[in-house]
Number of protein chains: 2
Amino acid sequence: MDRLPSSHRPLYEVKANLFKGLAHPLRIRTLEILSQSGSEVSVTELLDELGLEASHLSQHLAVLRKHRLVTADRRGSQVFYRLAYPQVADLLTVARALLLEILRESQAQLASTDSLPGLGSYPADAATGR
Amino acid sequence: MDRLPSSHRPLYEVKANLFKGLAHPLRIRTLEILSQSGSEVSVTELLDELGLEASHLSQHLAVLRKHRLVTADRRGSQVFYRLAYPQVADLLTVARALLLEILRESQAQLASTDSLPGLGSYPADAATGR
DNA sequence: GCCTGATTTGATGACTCCATCAAATGCTAA
DNA sequence: TTAGCATTTGATGGAGTCATCAAATCAGGC
């Protein structure tokens, strides 16, 4: 099982582990909701926004907690989540910037091959055409 | 199978997919080597630095290529890799900043609970009580 | 106490990822 | 064109992740 970040593990392992924690669409959406709210959000609200089964969300929240990306705060019968550090939001922002750049470039390549009549598309994985 | 970033998929799926591409220690090390070199690095050099079997490295390079994080350039019998975008390095930098913050905080909490005699440790998951 | 709503935990099968090995391909030199 | 190095591809078993469901826990009101 995965361990917490700790100084006796090389940083690249810890870093890979961090990305593993982020590698699911529902977890990304959850973090983005928390990020945009700027403050805390209850599990009930998350359930409303994400529209899934409670236990399913809870599993993903557990992963986010394990990776220390969010903190939970129980008040009464409700549990409120928030980003554990502002740097989590930074990471999402930088990731979006990279993706937009990749998309921009891909589309530029499509456009240029379109304008070369008779040549099939080939760049990188445009080859697989998906 | 995973698809390329494309505009007809919601961004949070694409983003999760990006993190999946980063979620392995060898891929992180590879990207860091490319990032630090500032320029291109041959597969042979990567093999020397990483010390693993060629086919194993090649599989991970294929993943990085599929995610458009690196580009490959064949010259003669050698293949040279480089980061596809400077933003890839940015992403690693921001990830490191976040991890260092998490580590810093964890150790601060350890220190403070040590100095509060009689109190059990509770940080992070205090709310869920675990 | 008991009931109800909110949230988490545990168990299960389907699916995906990873490391290893064998085989194939690309290139250069002889 | 044959030999040999560099790199990639394909196949395989084992480990990990995910979605679903049932059951457990926690808090508040009756």
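Throughout, a chain's letter reflects where its sequence line sits, starting with A, and its residues are numbered from 1.
The CD atom of B:Gln78 lies 7.5 Å from the CD atom of B:Glu45; values are rounded to the nearest 0.5 Å. With rounding to the nearest 0.5 angstrom, the CG atom of B:Leu61 is 4.0 Å from the CG atom of B:Leu57. Rounded to the nearest 0.5 Å, atoms OH (A:Tyr81) and CG (A:Leu64) are 8.5 Å apart. A distance of 10.5 Å separates CD in A:Glu32 from CG in A:Leu83, rounded to the nearest 0.5 Å.
Atom CG of A:Leu50 is separated from atom P of C:dT7 by 13 Å (rounded to the nearest Å). Rounded to whole angstrom, the span from the CZ atom of A:Phe19 across to the P atom of D:dT17 amounts to 17 Å. Rounded to a whole Å, the NZ atom of B:Lys20 is 11 Å from the C1' atom of C:dC15. C:dC27 atom P lies 14 Å from atom CZ of B:Phe80, rounded to whole Å. Counting to the nearest Å, the P atom of C:dC27 and the CD atom of B:Gln78 are 13 Å from each other. Atom C1' of nucleotide C:dG26 and atom CG of B:Asp73 are separated by 15 Å, given to the nearest angstrom. In this structure, the CG atom of A:Asp48 is 10 Å from the P atom of C:dA6, given to the nearest Å. Summarising the geometry, the separation between CG on A:Leu52 and C1' on D:dT20 is reported as 12 Å, rounded to the nearest angstrom.
Contacts of A:Glu49 classified as side-chain hydrogen bond (donor to acceptor under 3.5 Å, both in side chains), with partners at least two apart in sequence or in another chain: none. In this structure A:His60 satisfies the ring pair (Phe, Tyr, Trp, His ring centres under 6.0 Å) test together with A:His24, A:His56, sequence neighbours excluded.
Residues B:Leu31 and B:Leu22 meet the side-chain proximity criterion, which asks for heavy atoms closer than 4.5 Å. Using a 4.5 Å cut-off on side-chain heavy atoms (C-beta onward), A:Ile33 and A:Leu50 make contact. Within the 4.5 Å cutoff, the side chain of A:Val70 has no heavy atoms near those of the A:Thr30 side chain.
Within the 4.0 angstrom heavy-atom criterion, only backbone atoms of the sugar-phosphate kind lie near B:Tyr81; the bases stay farther away.
Listed by residue number, there are no residues of residues 22-39 of chain B with a heavy-atom contact under 4.0 Å to DNA chain D. If you check residues 56-64 of chain A against DNA chain D, the residues with a heavy atom closer than 4.0 Å are A:His56, A:Gln59, A:His60, listed by number.
Under 3.5 Å, the side chains of B:Tyr85 and B:Arg68 contain no donor-acceptor pair of N or O atoms.
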Indicate for each nucleotide in nucleotides 22-30 of chain D, in 5' to 3' sequence, whether protein heavy atoms under 4.0 Å reach the base (B), only the sugar-phosphate (S), or nothing (-). B----SS--

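The list of salt bridge (Lys or Arg N to Asp or Glu O under 4.0 Å) pairs with a residue in residues 74-92 of chain B, not counting sequence neighbours, reads B:Glu40-B:Arg75, B:Glu40-B:Arg82, B:Asp73-B:Arg75.
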